[in-house]
Amino acid sequence: MSEATGGSEPPLCQPPHSDLSPPKFVAPPGACDCHLHIIGPPKHYPCVPNRSYTPVEAHVEHYRNVHTALRLERAVVVQPSFYGTDNRCTHDAILASNGRWRGVAVVDPAISESELAKLHEAGFRGVRINLLFKGGLAMEVLEQIAELIRPLGWHVQLLVDGRDLPELALRLRKLPVPFVVDHMGHMPTSVGAGHPGFQKLLQLAREGCWVKLSGPYRVSGQPYPYEDVLPFVRALVEAAPSRMVWGTDWPHPAVKAAIPRVGDLMDLLPRWIPDAETRRRVLVENPARLYGFAE
C-alpha cells in the first residue's frame with residue numbers, strides 16, 4: 001500500500017501556505033511541534049535520485065517564522081525520505097536551534113557507534129522507517145535498527161499504512177525500543193474507525209505505542225476542518241492520552257489536497273482535545289518524555 005510513484009522525474013510538491021496568521025488557540029508554555037521537515041538549498045543538500053517526489057525549499061528561517069506564529073517553544077525535525085541517509089540538513093537545522101529542537105534520523109544499518117553518538121550529541125532521538133515513500137529505510141532492517149539504537153534510548157518512528165498494522169503488530173511488540181506511528185496511522189478515514197488496522201493501532205497505543213496526531217489532510221476525504229478525522233483523533237486520545245504527540249507536518253510534502261494555514265491546523269486542537277489538561281499532556285509533557293526535553 002505504497003504511495004511511491006513511478007516515472008523518470010519525481011513530481012514537485014506544493015509550497016507551504018504563505019499565511020502565517022497566529023492561531024486563536026494559545027499553546028501552553030513548553031509546547032512542541034513534533035513533526036516537521038527542513039529542506040535546504042539543493043546545491044548544499046541534494047536529494048537522492050530514487051525518491052517519490054521533489055520537495056520545495058523550506059529553510060530553517062522559514063520554519064522559525066512558523067514556530068513564532070504558533071507561539072511554540074520546541075520542535076522535532078524529521079529526516080525526510082528524499083535525503084536518504086544523508087542527515088546533514090536535519091542535523092544543521094537542529095544545531096541552529098541552540099538546543100530547543102530535537103531530530104529523527106534515517107541511518108544506514110552499518111553506521112558506527114561513534115557516528116550514532118555524534119547524532120545523539122547533536123540532538124537526534126530516533127530513527128525513521130518509511131514504507132510509503134522511496135528513499136527511506138525498509139521494514140527488513142527494523143530489528144537491526146532497533147538493536148543499534150537501544151543503548152542510546154532512542155525510538156523507531158514508522159511511516160506505514162495503518163491497514164498493515166495487524167500483520168506488523170507481532171514484530172512491533174517484540175522491539176527492544178519504543179516505537180512511534182506517524183500521522184495517526186496514515187489510513188484513509190473512508191475505511192472507518194472500526195477497521196482492523198485502526199483498532200490494532202488503538203490496542204498498540206494502550207500497550208505503550210506512541211502516535212503522532214498530525215497530517216489530517218493526508219487521511220481525510222474532506223476539506224478543512226477535516227471533520228471525518230475527528231472520530232479517529234478522539235478515539236486515539238481516549239485510548240492513550242499519555243502516548244499522543246502533535247505536529248504540524250510543515251511544509252506538508254507530497255500532499256495532494258489543499259495546503260492549510262498552519263494557524264488553522266493548530267486551531268483544530270481545542271476541538272480534537274477539548275480538555276485543557278489533556279492538551280497540555282499532548283503538547284508539553286508527552287514530547288518532553290519522548291524526545292528528552294527538560295520540562
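These figures come from a predicted structure and were not determined experimentally. What you see below is based on every heavy atom in this structure, not just the backbone, and it leaves out hydrogens, waters and symmetry mates.
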*Asks:* In this structure, would V191 and L165 fall into the same cluster of hydrophobic residues linked by side-chain contacts under 4.5 Å?
*Replies:*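 Yes, because V191 and L165 connect within a single hydrophobic cluster, where side-chain heavy atoms sit under 4.5 Å apart.
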*Asks:* We want to know whether H120 and W154 form a side-chain donor-acceptor pair, criterion being a heavy-atom distance below 3.5 angstrom.
*Replies:*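 Their side chains do contain a donor-acceptor pair, which is all the 3.5 Å distance test asks for.
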*Asks:* So do I38 and T90 actually touch side chain to side chain, heavy atoms under 4.5 Å?
*Replies:*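 Answer no - side chains too far apart.
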*Asks:* How far apart are the closest heavy atoms of D182 and Q157, and which atoms are they?
*Replies:*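 In this case the closest contact between D182 and Q157 is OD1-NE2, 2.8 Å.
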*Asks:* Verify the distance criterion only: is there a donor paired with an acceptor across the side chains of R51 and T54 at less than 3.5 Å?
*Replies:*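 Short answer, yes.
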*Asks:* Indicate yes or no: does R271 engage E227 in a salt bridge with an N to O separation below 4.0 Å.
*Replies:*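 So R271 pairs with E227 through a salt bridge.
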*Asks:* Can any side-chain N or O of Q79 pair as donor or acceptor with the backbone N or O of D86 at less than 3.5 Å?
*Replies:*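 Yes; judged by distance alone, with no hydrogens or angles, the pair exists.
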*Asks:* Is there side-chain contact between C209 and V180, with at least one heavy-atom pair below 4.5 Å?
*Replies:*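 Of all side-chain heavy-atom pairs linking V180 with C209, none is under 4.5 Å.
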*Asks:* If we ignore hydrogens and angles and just use 3.5 Å, is the side chain of D33 paired with the main-chain N or O of G247 as donor and acceptor?
*Replies:*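 No; zero donor-acceptor contacts below 3.5 Å.
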*Asks:* Going by an N to O cut-off under 4.0 Å, is there a salt bridge joining D267 and K24?
*Replies:*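 So D267 does not pair with K24 through a salt bridge.
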*Asks:* Is it true that a side-chain atom of R71 and a backbone atom of F25 form a donor plus acceptor pair closer than 3.5 Å?
*Replies:*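 Between the backbone of F25 and the side chain of R71 there is a qualifying donor-acceptor contact (under 3.5 Å).
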*Asks:* What closest approach, in Å, do L36 and A75 show between heavy atoms, and which atom pair accounts for it?
*Replies:*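 It is CD2-CB, 3.6 Å.
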*Asks:* Is a donor on one side and an acceptor on the other found under 3.5 Å between the side chain of E73 and the backbone of G30?
*Replies:*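 Here the side-chain-to-backbone pair exists.
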*Asks:* Would you check if there is a donor-acceptor pair between the side chains of H183 and S214 at a distance under 3.5 Å?
*Replies:*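 Their side chains do contain a donor-acceptor pair, which is all the 3.5 Å distance test asks for.
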*Asks:* Kindly indicate whether the side chain of L20, heavy atoms from C-beta on, has any atom under 4.5 Å from the side chain of R261.
*Replies:*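 Side-chain contact under 4.5 Å: no.
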*Asks:* Report yes if some heavy atom in the side chain of R234 is under 4.5 Å from a heavy atom in the side chain of P274; otherwise report no.
*Replies:*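 Yes, side chains in contact.
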*Asks:* Would you say the side chain of L213 lies within less than 4.5 Å of the side chain of W272, judging by non-hydrogen atoms?
*Replies:*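 Yes, at least one pair of side-chain atoms sits under 4.5 Å.
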*Asks:* What is the minimum heavy-atom distance between E57 and G40, and which atoms define it?
*Replies:*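 That would be CG-O, 3.8 Å.
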*Asks:* Quick one: side chain to side chain donor-acceptor pair (under 3.5 Å) partners of Q14, sequence neighbours excluded?
*Replies:*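 None.
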*Asks:* To the nearest 0.5 Å, what is the distance between CD1 (I111) and CD1 (I145)?
*Replies:*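 Those atoms lie 8.0 Å apart.
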*Asks:* For the pair H67 and Y63, name the ring-plane relationship: parallel under 30°, tilted 30 to 60°, perpendicular over 60°.
*Replies:*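 Plane angle between 30° and 60°, so tilted.
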*Asks:* So, does H59 use its side chain to make a donor-acceptor pair with the main chain of E61 at under 3.5 Å?
*Replies:*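 Side chain of H59 to backbone of E61, a donor-acceptor pair under 3.5 Å: no, none is there.
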*Asks:* Under the side chain to side chain contact (heavy atoms under 4.5 Å, CB included) rule, what do S81 and Y53 come out as? Steps first, then yes or no, please.
*Replies:* CA-CA 9 Å; S81 61; Y53 58 90; 3.9 Å; yes
*Asks:* Please tell me whether D228 and S220 have a donor and an acceptor in their side chains that are separated by less than 3.5 angstrom.
*Replies:*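 There is such a pair between these side chains.
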*Asks:* What is the minimum heavy-atom distance between V177 and A146, and which atoms define it?
*Replies:*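 Heavy-atom minimum between the residues: CG1-O, 3.6 Å.
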*Asks:* If only atom types and distance count, is the side chain of H195 paired as donor or acceptor with the main-chain N or O of G197 below 3.5 Å?
*Replies:*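 Yes: the side chain of H195 pairs with the backbone of G197.
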*Asks:* Does G215 offer a backbone N or O that forms a donor-acceptor pair with the side chain of R218 under 3.5 Å?
*Replies:*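 Looks like no, no N/O pair under 3.5 Å.
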*Asks:* Are any of the side-chain nitrogens in E285 or R280 under 4.0 Å away from the carboxylate oxygens of its partner?
*Replies:*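 Yes, E285 and R280 are salt-bridged.
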*Asks:* Specify the closest pair of heavy atoms between K200 and A169, including all atoms of both residues, with the distance to one decimal.
*Replies:*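 Nearest heavy atoms, K200 then A169: CD-CB, 3.8 Å.
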*Asks:* What ring-ring contact (aromatic ring centres under 6.0 Å, His included) pairs are there with at least one residue in residues 207-233, not counting sequence neighbours?
*Replies:*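 Residue pairs with at least one partner in residues 207-233: F198-F232, Y217-H252, Y224-Y226.
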*Asks:* When you measure from the side chain of R102 to the backbone N and O of G292, does any donor-acceptor pair fall under 3.5 Å?
*Replies:*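 Between the backbone of G292 and the side chain of R102 there is a qualifying donor-acceptor contact (under 3.5 Å).
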*Asks:* Are any side-chain N or O atoms of S97 and backbone N or O atoms of I94, one a donor and one an acceptor, separated by less than 3.5 Å?
*Replies:*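 Indeed, once roles are kept as given, a pair shorter than 3.5 Å links the two residues.
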*Asks:* Heavy-atom distance under 4.5 Å between the side chains of C32 and V76, does that happen here?
*Replies:*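 Side chain of C32 against side chain of V76, heavy atoms only: contact under 4.5 Å found.
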*Asks:* Tell me, do L283 and P28 make a side-chain contact under 4.5 Å, heavy atoms counted?
*Replies:*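 Counting from C-beta outward, L283 and P28 do come under 4.5 Å.
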*Asks:* Would you mind checking if E115 and K118 are paired as a salt bridge, meaning a charged N to carboxylate O distance below 4.0 Å?
*Replies:*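 Result for this pair is yes, salt bridge flagged.
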*Asks:* Can you check whether H155 and Y291 have ring centres sitting under 6.0 Å from each other?
*Replies:*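 Judged by ring-centre distance (under 6.0 Å), H155 and Y291 do meet the cut-off.
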*Asks:* With a 4.5 Å heavy-atom cut-off, do V104 and R125 have their side chains touching?
*Replies:*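 V104 vs R125: side chains apart.
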